[in-house]
**Student:** 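Please find one structure pasted underneath; my questions will follow.
Count residues from 1 along the sequence. Hydrogens, waters and symmetry mates play no part in the numbers below; they use all other heavy atoms, side chains included.
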Amino acid sequence: MFRTCQDDLDRPADLADPRDPTALYTRSYLIIRAVVGVIGILLPIVFILGETFFLRAGVRVRGSISAYYHTSMRDLFVGGLTVIGFMLLTYMAGRKRRPDWWLSSVAGVAVLGVAYFPTNRPQLTDGAARCGVTPEPAGCSPIQQALGETLVATIHFVCAAIFISCLAGISFYFACRAGGKGSARVAQIHRTCGYAILAALAWIALGGVLKVYIGPLTPLYVGEIVSVWAFSVSWLIAARDLLPVMMPKLAQARTSGH
(Lines give C-alpha, C1' and ligand atoms only; values in the text may rest on other atoms or scores of the structure.)
Protein backbone atom coordinates (compact mmCIF):
# COMPACT_ATOMS: atom_id res chain seq x y z
CA MET A 1 0.00 0.00 0.00
CA PHE A 2 1.10 3.57 -0.64
CA ARG A 3 1.88 5.75 2.28
CA THR A 4 -0.48 8.69 2.68
CA CYS A 5 0.57 12.07 1.38
CA GLN A 6 0.95 13.27 4.97
CA ASP A 7 3.88 10.92 5.47
CA ASP A 8 7.26 12.52 4.82
CA LEU A 9 10.89 11.82 5.38
CA ASP A 10 12.01 11.76 8.98
CA ARG A 11 13.04 15.39 9.01
CA PRO A 12 16.35 15.89 10.84
CA ALA A 13 16.60 18.74 13.30
CA ASP A 14 19.47 20.36 11.42
CA LEU A 15 19.86 19.85 7.66
CA ALA A 16 23.26 21.51 7.86
CA ASP A 17 24.66 18.86 10.20
CA PRO A 18 27.24 16.90 8.11
CA ARG A 19 27.37 14.14 10.75
CA ASP A 20 23.70 13.21 10.43
CA PRO A 21 23.13 10.65 7.62
CA THR A 22 19.43 11.49 7.55
CA ALA A 23 20.25 15.16 7.04
CA LEU A 24 22.58 14.34 4.16
CA TYR A 25 20.00 12.09 2.52
CA THR A 26 17.28 14.72 2.89
CA ARG A 27 19.54 17.42 1.46
CA SER A 28 20.31 15.24 -1.56
CA TYR A 29 16.69 14.83 -2.59
CA LEU A 30 15.94 18.50 -1.89
CA ILE A 31 18.86 19.43 -4.16
CA ILE A 32 17.39 17.25 -6.90
CA ARG A 33 14.11 19.14 -6.55
CA ALA A 34 15.88 22.48 -6.76
CA VAL A 35 18.01 21.52 -9.77
CA VAL A 36 15.03 20.14 -11.69
CA GLY A 37 13.11 23.34 -10.97
CA VAL A 38 15.96 25.60 -12.07
CA ILE A 39 16.56 23.65 -15.29
CA GLY A 40 12.85 23.76 -16.10
CA ILE A 41 12.72 27.53 -15.75
CA LEU A 42 15.93 28.22 -17.67
CA LEU A 43 15.67 25.83 -20.62
CA PRO A 44 12.96 27.65 -22.63
CA ILE A 45 14.84 30.93 -22.18
CA VAL A 46 18.19 29.39 -23.11
CA PHE A 47 16.70 27.85 -26.27
CA ILE A 48 15.60 31.27 -27.51
CA LEU A 49 18.76 33.13 -26.52
CA GLY A 50 21.06 30.35 -27.69
CA GLU A 51 19.50 30.12 -31.13
CA THR A 52 19.60 33.91 -31.41
CA PHE A 53 23.31 33.87 -30.61
CA PHE A 54 24.22 31.05 -32.98
CA LEU A 55 22.12 32.31 -35.87
CA ARG A 56 23.07 35.93 -35.14
CA ALA A 57 19.56 36.99 -36.03
CA GLY A 58 16.66 38.52 -34.17
CA VAL A 59 14.88 36.73 -31.33
CA ARG A 60 12.64 34.03 -32.76
CA VAL A 61 10.15 31.80 -30.99
CA ARG A 62 9.44 28.37 -32.46
CA GLY A 63 6.06 26.72 -32.74
CA SER A 64 6.80 24.52 -29.71
CA ILE A 65 9.61 23.78 -27.30
CA SER A 66 10.02 20.42 -29.02
CA ALA A 67 10.71 22.17 -32.32
CA TYR A 68 14.10 23.22 -30.97
CA TYR A 69 15.20 19.64 -31.61
CA HIS A 70 15.40 20.61 -35.28
CA THR A 71 17.53 23.70 -34.66
CA SER A 72 21.06 24.50 -33.55
CA MET A 73 19.76 23.93 -29.99
CA ARG A 74 19.28 20.19 -30.55
CA ASP A 75 22.14 19.10 -28.28
CA LEU A 76 20.95 21.37 -25.48
CA PHE A 77 17.35 20.20 -25.93
CA VAL A 78 18.24 16.53 -25.75
CA GLY A 79 20.83 17.03 -23.00
CA GLY A 80 18.57 19.16 -20.81
CA LEU A 81 15.60 16.79 -21.04
CA THR A 82 17.88 13.82 -20.43
CA VAL A 83 19.18 15.37 -17.21
CA ILE A 84 15.62 16.08 -16.07
CA GLY A 85 14.55 12.56 -17.01
CA PHE A 86 17.25 10.77 -15.03
CA MET A 87 16.78 13.09 -12.06
CA LEU A 88 13.09 12.26 -12.03
CA LEU A 89 13.89 8.55 -12.28
CA THR A 90 16.31 8.66 -9.35
CA TYR A 91 14.26 11.07 -7.24
CA MET A 92 13.07 9.34 -4.04
CA ALA A 93 14.51 6.03 -5.26
CA GLY A 94 14.90 4.93 -1.64
CA ARG A 95 11.18 5.31 -0.96
CA LYS A 96 9.42 3.44 -3.73
CA ARG A 97 6.14 3.10 -1.84
CA ARG A 98 5.46 6.82 -2.13
CA PRO A 99 3.13 8.06 -4.90
CA ASP A 100 5.54 10.82 -5.90
CA TRP A 101 8.20 8.22 -6.68
CA TRP A 102 5.86 6.45 -9.08
CA LEU A 103 4.69 9.71 -10.65
CA SER A 104 8.23 11.04 -11.05
CA SER A 105 9.45 7.71 -12.47
CA VAL A 106 6.72 7.65 -15.12
CA ALA A 107 7.42 11.33 -15.85
CA GLY A 108 11.14 10.56 -16.17
CA VAL A 109 10.57 7.79 -18.72
CA ALA A 110 8.09 9.98 -20.60
CA VAL A 111 10.41 12.99 -20.85
CA LEU A 112 13.17 10.73 -22.16
CA GLY A 113 10.70 9.69 -24.84
CA VAL A 114 10.10 13.36 -25.62
CA ALA A 115 13.84 13.91 -25.98
CA TYR A 116 14.70 10.88 -28.12
CA PHE A 117 11.54 10.58 -30.24
CA PRO A 118 11.44 14.00 -31.93
CA THR A 119 8.42 15.83 -33.24
CA ASN A 120 7.86 16.34 -36.95
CA ARG A 121 10.28 18.54 -38.80
CA PRO A 122 8.87 22.08 -38.82
CA GLN A 123 7.18 23.77 -41.76
CA LEU A 124 6.54 20.63 -43.77
CA THR A 125 4.17 21.04 -46.71
CA ASP A 126 1.45 18.48 -47.44
CA GLY A 127 3.35 16.98 -50.35
CA ALA A 128 6.79 16.93 -48.70
CA ALA A 129 8.48 13.55 -48.29
CA ARG A 130 8.43 12.24 -44.73
CA CYS A 131 11.33 10.54 -43.00
CA GLY A 132 11.51 6.79 -43.56
CA VAL A 133 11.66 6.83 -47.34
CA THR A 134 14.53 6.54 -49.80
CA PRO A 135 16.26 8.79 -50.62
CA GLU A 136 16.34 10.16 -47.08
CA PRO A 137 14.78 13.62 -46.78
CA ALA A 138 16.87 16.43 -45.30
CA GLY A 139 16.78 16.95 -41.55
CA CYS A 140 15.69 13.44 -40.51
CA SER A 141 17.10 11.91 -37.35
CA PRO A 142 18.19 8.25 -37.43
CA ILE A 143 15.17 7.13 -35.40
CA GLN A 144 12.79 9.04 -37.68
CA GLN A 145 14.36 7.41 -40.70
CA ALA A 146 14.19 3.97 -39.10
CA LEU A 147 10.62 4.10 -37.72
CA GLY A 148 9.00 6.74 -39.87
CA GLU A 149 8.36 10.38 -39.06
CA THR A 150 4.66 10.02 -38.28
CA LEU A 151 5.10 7.13 -35.82
CA VAL A 152 7.97 8.86 -34.03
CA ALA A 153 5.97 12.10 -33.75
CA THR A 154 3.01 10.16 -32.33
CA ILE A 155 5.24 8.59 -29.66
CA HIS A 156 6.62 12.06 -28.93
CA PHE A 157 3.20 13.60 -28.32
CA VAL A 158 1.97 10.67 -26.21
CA CYS A 159 5.09 10.90 -24.05
CA ALA A 160 4.66 14.69 -23.74
CA ALA A 161 1.05 14.30 -22.59
CA ILE A 162 2.03 11.66 -20.02
CA PHE A 163 4.94 13.80 -18.81
CA ILE A 164 2.83 16.93 -18.30
CA SER A 165 0.01 14.97 -16.64
CA CYS A 166 2.46 13.41 -14.17
CA LEU A 167 3.88 16.83 -13.36
CA ALA A 168 0.40 17.99 -12.40
CA GLY A 169 -0.04 14.90 -10.25
CA ILE A 170 3.23 15.57 -8.43
CA SER A 171 2.21 19.18 -7.72
CA PHE A 172 -1.09 18.00 -6.23
CA TYR A 173 0.79 15.44 -4.14
CA PHE A 174 3.12 18.17 -2.88
CA ALA A 175 0.01 20.21 -2.00
CA CYS A 176 -1.54 17.32 -0.09
CA ARG A 177 1.63 16.71 1.87
CA ALA A 178 2.13 20.40 2.66
CA GLY A 179 -1.46 20.63 3.85
CA GLY A 180 -0.92 17.59 6.07
CA LYS A 181 1.97 19.41 7.73
CA GLY A 182 -0.13 22.51 8.35
CA SER A 183 1.40 24.63 5.57
CA ALA A 184 -1.84 25.87 4.00
CA ARG A 185 -0.18 28.67 2.03
CA VAL A 186 2.44 26.36 0.52
CA ALA A 187 -0.25 23.78 -0.27
CA GLN A 188 -2.22 26.44 -2.15
CA ILE A 189 0.83 27.36 -4.24
CA HIS A 190 1.31 23.72 -5.23
CA ARG A 191 -2.39 23.32 -6.07
CA THR A 192 -2.26 26.47 -8.18
CA CYS A 193 0.72 25.04 -10.07
CA GLY A 194 -1.14 21.77 -10.59
CA TYR A 195 -4.23 23.50 -11.93
CA ALA A 196 -2.06 25.70 -14.15
CA ILE A 197 -0.52 22.58 -15.70
CA LEU A 198 -3.95 21.04 -16.33
CA ALA A 199 -5.19 24.34 -17.79
CA ALA A 200 -2.14 24.41 -20.06
CA LEU A 201 -2.99 20.93 -21.33
CA ALA A 202 -6.57 22.02 -22.03
CA TRP A 203 -5.30 25.14 -23.80
CA ILE A 204 -2.99 23.08 -26.00
CA ALA A 205 -5.92 20.92 -27.09
CA LEU A 206 -8.57 23.64 -27.41
CA GLY A 207 -6.28 26.31 -28.81
CA GLY A 208 -4.89 23.84 -31.33
CA VAL A 209 -8.36 22.97 -32.62
CA LEU A 210 -9.49 26.61 -32.78
CA LYS A 211 -6.07 27.82 -33.99
CA VAL A 212 -5.91 30.59 -31.38
CA TYR A 213 -2.55 32.35 -31.52
CA ILE A 214 -1.20 34.95 -29.10
CA GLY A 215 0.78 37.06 -31.52
CA PRO A 216 3.50 34.74 -32.90
CA LEU A 217 2.98 32.22 -30.06
CA THR A 218 1.15 29.02 -30.91
CA PRO A 219 -1.23 27.34 -28.41
CA LEU A 220 1.25 24.47 -28.13
CA TYR A 221 4.15 26.75 -27.25
CA VAL A 222 2.13 28.75 -24.69
CA GLY A 223 0.79 25.58 -23.08
CA GLU A 224 4.25 24.02 -22.88
CA ILE A 225 5.78 27.13 -21.32
CA VAL A 226 3.01 27.48 -18.73
CA SER A 227 3.19 23.81 -17.76
CA VAL A 228 7.00 23.73 -17.56
CA TRP A 229 7.23 26.91 -15.50
CA ALA A 230 4.38 25.91 -13.18
CA PHE A 231 6.05 22.56 -12.60
CA SER A 232 9.37 24.30 -11.94
CA VAL A 233 7.86 26.68 -9.39
CA SER A 234 6.23 23.77 -7.58
CA TRP A 235 9.53 21.89 -7.38
CA LEU A 236 11.45 24.94 -6.19
CA ILE A 237 8.87 25.56 -3.45
CA ALA A 238 9.16 21.89 -2.48
CA ALA A 239 12.91 22.43 -2.04
CA ARG A 240 12.50 25.51 0.17
CA ASP A 241 13.96 23.70 3.22
CA LEU A 242 17.36 24.03 1.53
CA LEU A 243 17.30 27.80 2.04
CA PRO A 244 18.62 27.79 5.64
CA VAL A 245 21.43 25.43 4.57
CA MET A 246 22.51 27.05 1.31
CA MET A 247 21.94 30.71 2.29
CA PRO A 248 21.83 30.91 6.10
CA LYS A 249 22.15 34.71 6.27
CA LEU A 250 19.25 35.24 3.88
CA ALA A 251 17.11 32.72 5.75
CA GLN A 252 17.95 34.41 9.06
CA ALA A 253 16.98 37.79 7.63
CA ARG A 254 13.65 36.42 6.46
CA THR A 255 12.99 34.90 9.88
CA SER A 256 13.83 38.10 11.74
CA GLY A 257 11.79 40.21 9.37
CA HIS A 258 14.70 42.42 8.31
**Student:** What distance separates Leu167 CG from Ser227 OG, expressed to the nearest 0.5 Å?
**Tutor:**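 Nearest 0.5 Å value for the CG-OG distance: 7.0 Å.
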**Student:** Check whether the ring centres of Tyr68 and Phe77 lie less than 6.0 Å apart, and answer yes or no.
**Tutor:**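 No - the distance between ring centres of Tyr68 and Phe77 does not fall below the 6.0 Å cut-off.
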**Student:** When you measure from the side chain of His156 to the backbone N and O of Asn120, does any donor-acceptor pair fall under 3.5 Å?
**Tutor:**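 Judged by distance alone, no pair lies under 3.5 Å.
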**Student:** Using modelled atom types and a 3.5 Å cut-off, is there a donor and acceptor pairing between side-chain atoms of Arg130 and backbone atoms of Ala128?
**Tutor:**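 Checked: pair present.
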**Student:** Can you confirm whether Ile170 sits close enough to Trp235 that some side-chain heavy atom of one is under 4.5 Å from a side-chain heavy atom of the other?
**Tutor:**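 Ile170 reaches Trp235 side chain to side chain.
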**Student:** If you group Ile, Leu, Val, Met, Phe, Trp and Tyr by side-chain heavy-atom gaps below 4.5 Å, do Val106 and Phe86 land in one group?
**Tutor:**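 Looking at the clustering, Phe86 is in a separate group from Val106.
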**Student:** Taking Gln188's backbone N and O only, do any of them form a donor-acceptor pair with Thr192's side chain (distance below 3.5 Å, no angle check)?
**Tutor:**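 Between the backbone of Gln188 and the side chain of Thr192 there is a qualifying donor-acceptor contact (under 3.5 Å).
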**Student:** How long is the span from the CD1 atom in Ile204 to the OG atom in Ser64, to the nearest 0.5 Å?
**Tutor:**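 It comes to 9.5 Å.
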**Student:** Please list, chain by chain and in numerical order, all residues satisfying ring-ring contact (aromatic ring centres under 6.0 Å, His included) with Phe172, sequence neighbours excluded.
**Tutor:**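 In terms of ring-ring contact (aromatic ring centres under 6.0 Å, His included), with neighbours along the sequence ignored, Phe172 is linked to Tyr195.
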**Student:** Please report the interatomic distance CZ(Phe231) to CZ(Phe174), rounded to the nearest 0.5 Å.
**Tutor:**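 The distance works out to 9.0 Å.
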**Student:** Is it true that Val83 and Phe163 fall in one hydrophobic cluster, defined by side-chain heavy atoms closer than 4.5 Å?
**Tutor:**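 Cluster IDs for Val83 and Phe163 match.
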**Student:** State, yes or no, whether a side-chain contact exists between Met87 and Val35 at a heavy-atom distance under 4.5 Å.
**Tutor:**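 A side-chain contact exists here, since the closest heavy-atom pair is under 4.5 Å.
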**Student:** For a side chain to side chain contact (heavy atoms under 4.5 Å, CB included) check, start with the C-alpha distance between Arg33 and Leu236, then their side-chain angles and the critical distance, and finish with the verdict.
**Tutor:** CA-CA 6 Å; Arg33 286 180 180 176; Leu236 286 173; over 6 Å; no
**Student:** At what distance, to the nearest 0.5 angstrom, does CG of Leu206 lie from NZ of Lys211?
**Tutor:**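 Going from CG on Leu206 over to NZ on Lys211, the span is 12.5 Å.
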**Student:** Should Tyr69 and Ser141 count as side-chain neighbours, where that means a heavy-atom distance under 4.5 Å?
**Tutor:**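 A side-chain contact under 4.5 Å exists here.
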**Student:** Check for me, please, whether Leu201 and Trp229 land in the same ILVMFWY cluster - side-chain distances under 4.5 Å, paths through other members count.
**Tutor:**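 In one cluster: yes.
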**Student:** With Tyr116, which residues qualify under side chain to side chain contact (heavy atoms under 4.5 Å, CB included), at least two apart?
**Tutor:**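 In terms of side chain to side chain contact (heavy atoms under 4.5 Å, CB included), with neighbours along the sequence ignored, Tyr116 is linked to Val78, Thr82, Leu112.
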**Student:** Check Ser165 against Ala161 and note the closest heavy-atom contact, atom names and distance.
**Tutor:**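 Smallest heavy-atom distance, with atoms named: OG-O, 2.8 Å.
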**Student:** Taking the side chain as every heavy atom from C-beta outward, state whether Ser66 and Glu224 have any pair of such atoms under 4.5 Å apart.
**Tutor:**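 In short, these two side chains touch, coming nearer than 4.5 Å.
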**Student:** What about Ile225 and Val111, same hydrophobic cluster or not, with Ile/Leu/Val/Met/Phe/Trp/Tyr joined at side-chain heavy-atom distances under 4.5 Å?
**Tutor:**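 Yes: a chain of side-chain contacts under 4.5 Å links Ile225 to Val111.
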**Student:** Heavy atoms, side chains only, cut-off 4.5 Å: are Met73 and Ile48 in contact?
**Tutor:**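 Side chain of Met73 against side chain of Ile48, heavy atoms only: no contact under 4.5 Å found.
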**Student:** Nearest heavy-atom pair of Pro118 and Val152: which atoms, and what distance?
**Tutor:**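 Closest pair (atom of Pro118, atom of Val152, distance): O-CG1, 3.3 Å.
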**Student:** Determine whether a donor-acceptor pair (N or O, by modelled atom type, separation under 3.5 Å) exists between the side chain of Gln145 and the backbone of Pro142.
**Tutor:**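 No; judged by distance alone, with no hydrogens or angles, the pair does not exist.
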**Student:** Could you pull out the closest heavy-atom pair between Ala107 and Cys166, with the gap in Å?
**Tutor:**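 The answer is CB-CB, 3.7 Å.
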**Student:** Strictly distance-based, threshold 3.5 Å: is any side-chain N or O of Arg62 a donor or acceptor partner for the main-chain N or O of Ala67?
**Tutor:**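 Checked: no pair found.
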**Student:** Using disulfide (SG to SG under 2.5 Å) as the criterion, list what pairs up with Cys140, not counting sequence neighbours.
**Tutor:**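 Scan of Cys140 (disulfide (SG to SG under 2.5 Å), adjacent residues dropped) gives Cys131.
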**Student:** Given the rule that I, L, V, M, F, W and Y join up when any side-chain heavy atoms are under 4.5 Å apart, are Trp203 and Leu220 in one cluster?
**Tutor:**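 They do not share one cluster, since no chain of ILVMFWY contacts under 4.5 Å joins Trp203 to Leu220.
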**Student:** Rounded to the nearest 0.5 Å, what separation is found between the CZ atom of Arg121 and the NE2 atom of His70?
**Tutor:**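 Interatomic distance, Arg121 CZ to His70 NE2, rounded to 0.5 Å: 8.0 Å.
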**Student:** State whether the side chain of Glu51 and the backbone N or O of Val46 hold a donor-acceptor pair below 3.5 Å, judged by distance alone.
**Tutor:**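 It does not hold such a pair.
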**Student:** Between Val226 and Ala196, what is the shortest heavy-atom contact and its length?
**Tutor:**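 Heavy atoms only, the tightest pair is CG1-O, 3.8 Å.
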**Student:** Mind listing the closest non-hydrogen atom pair of Tyr221 and Ile65 along with its distance?
**Tutor:**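 The pair with the smallest heavy-atom distance is CD1-N, 4.0 Å.
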**Student:** How far apart are the closest heavy atoms of Ala168 and Leu198, and which atoms are they?
**Tutor:**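 Between these two residues, the closest heavy atoms are CB-CD2, 3.8 Å.
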**Student:** Mind checking the CG-CG spacing from Leu43 to Leu81? Nearest 0.5 Å is all I need.
**Tutor:**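 That separation rounds to 6.5 Å.
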**Student:** Between Ser234 (side chain only) and Ser171 (backbone N and O only), is there a donor and an acceptor less than 3.5 Å apart?
**Tutor:**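 Such a contact is absent between Ser234 side chain and Ser171 backbone.
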